[in-house]
**Q** 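Take a look at this one; I'll ask things after.
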Amino acid sequence: MFSIGLTGGIGSGKTTVADMFSARGVTVVDADLIAHQITAPGGVAMPLIERAFGPDFVTADGAMDRAKMRARVFTDPAAKAQLESITHPLIRAESERQRSEARSAYHIVVVPLLIEAGERASKVDRILVVDCPVETQIERVIQRNGFPREQVLAIIARQATREARLAAANDVVVNDSAATLQTLQREVDLLHARYIEMAAAESKPHT
Ligand code: ADP
């Protein structure tokens, strides 16, 4: 089935763009959302996380203690690798399940670290990058999360560069500070029409 990998730096507008496709009836599979769900109370990753890291990393209601885990993996690469060895296969399996159940003409997979993970790993037909200048990212994330500027800069420094993302892109949505939700919606609708055509061409039997 025809699939689009949607990516972009933190604060670029991935969620905003994904929601616009979703409102047009496109199935959106969101790796971050799945990561959240499997580490929520009763999530499938929780017994494994508790066994590997101990009850200190589990909150009273049975979710992963995100703040504690973030602090731990930030300073300890082995712990990061261990956490990822638990979560990544579960995220991949759930993502595959949702993709196989998609009933729209094409579907979108939101993968924040698509470029960092290697483009081929995400198994998508096209890469759609939501692009904006770094300064816009910083302003949005400060506004949205209330993080100090240094923290936003540190996150951005660990992600792929804007140039690397653009080099890998098949399609680009420009979401800079001049973009309004209306102009963004127009770009999404143009892409949506093109993707429906591409998906139809793809599903035609080859003669
Ligand atoms: P990401 O998912 O890439 O981190 P979001 O879609 O959450 O980014 O966008 C970051 C923040 O900026 C959100 O609070 C969102 O509402 C806001 N935002 C994104 N694009 C626009 C835009 N074109 N106009 C106004 N606000 C925007």
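Along the sequence shown, residues carry numbers from 1. Each ligand, and each atom within it, is numbered from 1 in the order the structure gives.
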**Q** With rounding to the nearest 0.5 angstrom, report the CD1 to NZ distance, I108 to K14.
**A** 13.5 Å

**Q** Is the backbone of I10 close enough, under 3.5 Å, to the side chain of Q159 for a donor and an acceptor to pair up by distance?
**A** yes

**Q** At a heavy-atom distance under 4.0 Å, which protein residues reach ligand 1? Sort them by chain and number, would you?
**A** G9, I10, G11, S12, G13, K14, T15, T16, R140, R144, N175, A179, L181

**Q** Could you tell me which non-hydrogen atom of A18 sits nearest to which non-hydrogen atom of V28, and how far apart they are?
**A** O-CG2, 3.6 Å

**Q** Between E116 and R158, is the closest basic N to carboxylate O distance under 4.0 Å?
**A** no

**Q** Assess, by modelled atom type and distance only, whether the side chains of E94 and Q98 contain a donor and an acceptor separated by less than 3.5 Å.
**A** yes

**Q** Would you please classify the geometry between the Y106 ring and the H192 ring as parallel, tilted or perpendicular, with 30° and 60° separating the classes?
**A** tilted

